[in-house]
Amino acid sequence: MEKLQSLRGMVDLLPEQIGLWQHIEATSRGHFQRAAIREIRTPLLEATELFARGIGEATDVVGKEMYTFLDRGERSCTLRPEGTASVVRAAIQHGLLSQGAQRLWYAGPMFRYERPQAGRLRQFHQIGLEFLGFADPRSDVEAIAVAWDLLAALGVQQLRLELNSLGSAEDRTHYREALVAWLSERRDQLDPDSQDRLTRNPLRILDSKNEATQALLAGAPTLADALAPESRERFALVQAGLTALGIPFQLNPRLVRGLDYYSHTAFEITSSQLGAQATVCGGGRYDGLVEQLGGPPTAAIGWALGLERLVLLLAQAPEAPIAEPPQIYLVSRGEQAETQALLLARQLRNAGVAVELDLTAAAFAKQLKRADRSGAAWAVLIGDSEAEQGQVILKPLRGEPPAGDNGGERLPLLELLARFA
RNA sequence: GCGGGCGUAGCCAAGUGGUUAAGGCAGCGGAUUGUGAUUCCGCCAUUCGGGGGUUCAAGUCCCCUCGCUCGCCCCA
């Protein structure tokens, strides 16, 4: 029979690995809480139209990477490939925007049907931030600062913040026309991928890794030159804000976000230690999206952080947290003793003590061996004679075992509870 | 979707066409039916990701397929 296994690009997180994930989640929650950013949770499954309208039909994400299917009512459904569209949909649906600007964060799995490689899975996890209703350049600065400081607090080293401005929607439209016109005259000098992008998503040609194409682009009209004076002024304010906060950045005129809804500020935080998928966090401003999805005109900025990539970076760090061992490992043998151990474990736990109870009824030597390996500080033993007398044996486990003598302190049950609780 | 590398037990692996597929870690049982390091003994792959082929003989060679992995594309 064929072995059952998880689907391609969808991985299990085993108990051994989960400590790091919980650490990241707890750290993030603390950061968001202190920045007065509130959590929002939206469904994993949405109407396909949300992403088609929000992200853009021409993008690869919508065009060929979505998990889309018909449900039993013949509705086209899609597992969310990203978080922003859902958050905006929820904000519009529940009228959050009429209650003032919103500072939101989310975390959870996303789904894209791609070929898996380092730092890229079909089910992957993001933590994201969305500021809805903020137009001031300071909101760009604060959004970026929250991401930067979170990564710093997690101990990620050697990050690089790259920054660009895509300008207003009009700036972008004008520039796209100019770029397409210029490149079309030199179409035969472009690599095949870029020729394809010329009609599909021309701005992405700027980001091409093909050397000949990059050489050609040196003479092309630049996005920076195409920005209107107001857009340029705005971008300068964002840069000044980051500088004032001491957050280092590099301008990257070729940085173009892949999703249609971005405008003005675009940024990526990358690490050279991640291989081909170097972006840990990416985001930018999307002033047009809320209106495009049926809401009121609303300025907005957000970012998303890839947890698998973050874990790759943090797993290399020596201080990666490991699971806490129990304080007490409870060993028992004999019918009466086993019942009493069950009860004692519950009492200790209710009093806040972490207890692992051995349920095997194996020889004391076996149980003690497991107690040692569990990492617990103490073993508590209950045998028939202790059970009868309402006593336990308390034995310290750390350090060398005592030679010869069995060791362990015999004391009444109540005293044990008093000592630990 | 395209290209490269790799699949031997839960993990790390030896094996380079010739009898029964090394070894280590982990696990389980015992020496010790009441005491954790260490030690000793025993058990743990009718089969090498799956299928087909070549051969007297295949983990080893060939084809297909699945999976993992790295890169392209894309993106967090």
Side-chain angles (χ1 to χ4, degrees), chain A residues 1-3 5-11 14 16 55 59-65 81-84 107 109-122 124-128 147 191-194 196-197 200-201 204 207-210 256-259 267-271 274-283 302-313 329 331-334 337 358 360-376 378-387 393-408 410:
Chain A
M1 191 172 72
E2 193 84 359
K3 280 184 203 163
Q5 55 183 347
S6 62
L7 291 171
R8 179 163 213 201
M10 309 214 170
V11 303
L14 301 178
E16 199 175 298
I55 302 173
T59 62
D60 278 26
V61 169
V62 172
K64 49 189 192 189
E65 295 175 358
E82 56 102 54
T84 300
M110 308 293 164
F111 303 84
R112 290 183 200 174
Y113 193 91
E114 296 186 273
R115 184 104 171 237
Q117 66 187 65
R120 191 174 80 186
L121 294 171
R122 289 184 174 181
F124 61 104
H125 297 79
Q126 289 185 334
I127 290 179
D191 61 277
D193 277 332
S194 293
D196 188 39
R197 282 186 285 227
R200 220 179 62 243
N201 202 343
R204 288 219 55 90
D207 210 15
S208 171
K209 285 176 188 162
N210 185 285
V256 180
R257 310 263 66 226
L259 311 183
F267 72 95
E268 279 185 13
I269 299 174
T270 61
S271 165
L274 280 175
Q277 312 298 324
T279 304
V280 182
C281 179
W303 50 253
L305 198 149
L307 283 193
E308 278 78 7
R309 293 177 190 180
L310 192 50
V311 165
L312 284 177
L313 291 175
Y329 192 99
V331 168
S332 62
R333 194 168 164 87
D358 196 305
T360 61
F364 273 96
K366 279 288 172 216
Q367 296 193 47
L368 258 312
K369 194 168 182 168
R370 277 193 285 267
D372 189 41
R373 288 184 189 178
S374 77
W378 301 90
V380 168
L381 290 72
I382 308 178
D384 285 326
S385 65
E386 288 79 19
I393 295 170
L394 178 64
K395 194 176 156 77
L397 287 176
R398 307 279 44 100
E400 292 294 298
D405 199 341
N406 290 334
R410 194 173 256 271

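Sequence lines set the chain letters: A, B, ... in the order given, protein chains first and strands last, and positions in each chain run from 1.
- Not one side-chain nitrogen or oxygen of A:Gln117 sits closer than 4.0 Å to the OP1 or OP2 atom of B:C70.
- A:Thr360 has its side chain out of reach of A:Lys366: every pair of non-hydrogen atoms, C-beta onward, lies at least 4.5 Å apart.
- Nearest nucleotide to the A:Gln126 side chain, out of B:U35, B:A76, B:C72: B:A76.
- For B:C73, neither phosphate oxygen OP1 nor OP2 lies less than 4.0 angstrom from any side-chain nitrogen or oxygen of A:Arg120.
- Nucleotides B:G24 and B:C66 are separated by 38 Å at their P atoms, to the nearest Å.
- Remark: C1' of B:A26 and CZ of A:Arg370 are 14 Å apart, rounded to the nearest angstrom.
- Here CD of A:Glu65 is found 10.0 Å from CZ of A:Arg122. Values are rounded to the nearest 0.5 Å.
- Closest approach to the A:Ala118 side chain among B:C74, B:G71, B:A37 is made by B:G71 (side chain taken as heavy atoms from C-beta onward).
- Comparing A:Ala363 and A:Ala304 by the nucleotide of RNA chain B whose heavy atom lies nearest to each, the residue mapping closer to the 5' end is A:Ala363.
- Between A:Ser6 and A:Leu305, the residue anchored nearer the 5' end of RNA chain B, judged by the nucleotide with its closest heavy atom, is A:Ser6.
- Rounding to whole angstrom units, CG of residue A:Asp372 and C1' of B:U38 are separated by 12 Å.
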Going through the distances and angles, do A:Arg112 and A:Glu82 end up as a salt bridge (Lys or Arg N to Asp or Glu O under 4.0 Å)?
CA-CA 9 Å; A:Arg112 290 183 200 174; A:Glu82 56 102 54; 5.8 Å; no
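- Rounded to whole angstrom, the span from the CD atom of A:Gln5 across to the P atom of B:C68 amounts to 7 Å.
- The pairing partner recorded for B:G7 is B:C66, the criterion being a Watson-Crick or G-U wobble arrangement whose two distances lie under 3.5 angstrom.
- Using a 4.0 Å heavy-atom cutoff across all strands shown, A:Ser385 reaches at least one base atom of the nucleic acid.
- Distances from the side chain of A:Arg112 to the nucleotides B:A76, B:U35, B:G71 place B:A76 closest.
- Between A:Tyr113 atom OH and B:C74 atom P the separation is 19 Å, expressed in whole Å.
- Checking B:A37, B:G34, B:U32 against every side-chain atom of A:Lys369, the shortest atom distance belongs to B:A37.
- In this structure, A:Gly9 reaches the sugar-phosphate backbone alone: every heavy-atom distance under 4.0 Å involves primed, P, OP1 or OP2 atoms, never a base.
- One finds the CZ atom of A:Arg309 at 14.0 Å from the NE2 atom of A:His125 (value rounded to the nearest 0.5 Å).
- Taking atom P in both B:C74 and B:G17, the straight-line distance is 45 Å, to the nearest Å.
- Looking at heavy-atom distances under 4.0 Å, A:Arg373 makes contact with sugar-phosphate atoms alone, never a base.
- Inter-residue side-chain proximity for A:Cys281 and A:Phe267 is flagged as met; some heavy-atom pair is nearer than 4.5 Å.
- Taking a pair to require two hydrogen-bonding distances under 3.5 Å in either a Watson-Crick or a G-U wobble arrangement, B:G1 pairs with B:C72.
- A gap of 15 Å separates the C1' atoms of B:C68 and B:G50, to the nearest Å.
- Taking every side-chain heavy atom of A:Glu114 into account, B:A76 is the closest of B:U35, B:A76, B:G34.
- How far CZ of A:Arg373 is from CG of A:Leu368: 12.5 Å, rounded to the nearest 0.5 Å.
- A:Gly282 comes within contact range of the sugar-phosphate backbone alone, with a heavy-atom separation under 4.0 Å but no base atom that close.
- Across all strands shown, A:Glu268 has no heavy atoms under 4.0 Å from either base or sugar-phosphate atoms.
- Using a 4.0 Å heavy-atom cutoff across all strands shown, A:Gly128 reaches no nucleic acid atom at all.
- A:Ile393 comes within contact range of at least one nucleobase, with a heavy-atom separation under 4.0 Å.
- Of the side-chain N and O atoms in A:Arg333, one or more sit less than 4.0 angstrom from OP1 or OP2 of B:G34.
- Counting any heavy atom pair closer than 4.0 Å across all strands shown, A:Ala371 reaches no nucleic acid atom.
- With salt bridges taken as basic N to acidic carboxylate O contacts below 4.0 Å, none links A:Asp372 and A:Lys369.
- Remark: P of B:A31 and NZ of A:Lys366 are 9 Å apart, rounded to the nearest angstrom.
- When both pairing distances are held under 3.5 Å, B:C40 makes a Watson-Crick or G-U pair with B:G30.
- Between the C1' atom of B:C74 and the CZ atom of A:Arg204 lies a distance of 7 Å, rounded to the nearest Å.
- Side chain of A:Arg8, nearest nucleotide from B:A76, B:G67, B:G34: B:G67.
- Base engagement by A:Pro396 is indicated by at least one non-hydrogen atom pair under 4.0 Å involving a base atom.
- When the C1' atom of B:U35 is taken as reference, atom CG of A:Asp358 falls 13 Å away, rounded to whole Å.
- B:U65 and B:G23: their P atoms are spaced 37 Å apart (whole Å).
- A straight line from CE of A:Met10 to C1' of B:C68 spans 16 Å, rounded to a whole angstrom.
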Run the numbers on A:Leu381 and A:Glu386 for side-chain contact (heavy atoms from CB on, under 4.5 Å), then give the verdict.
CA-CA 8 Å; A:Leu381 290 72; A:Glu386 288 79 19; over 6 Å; no
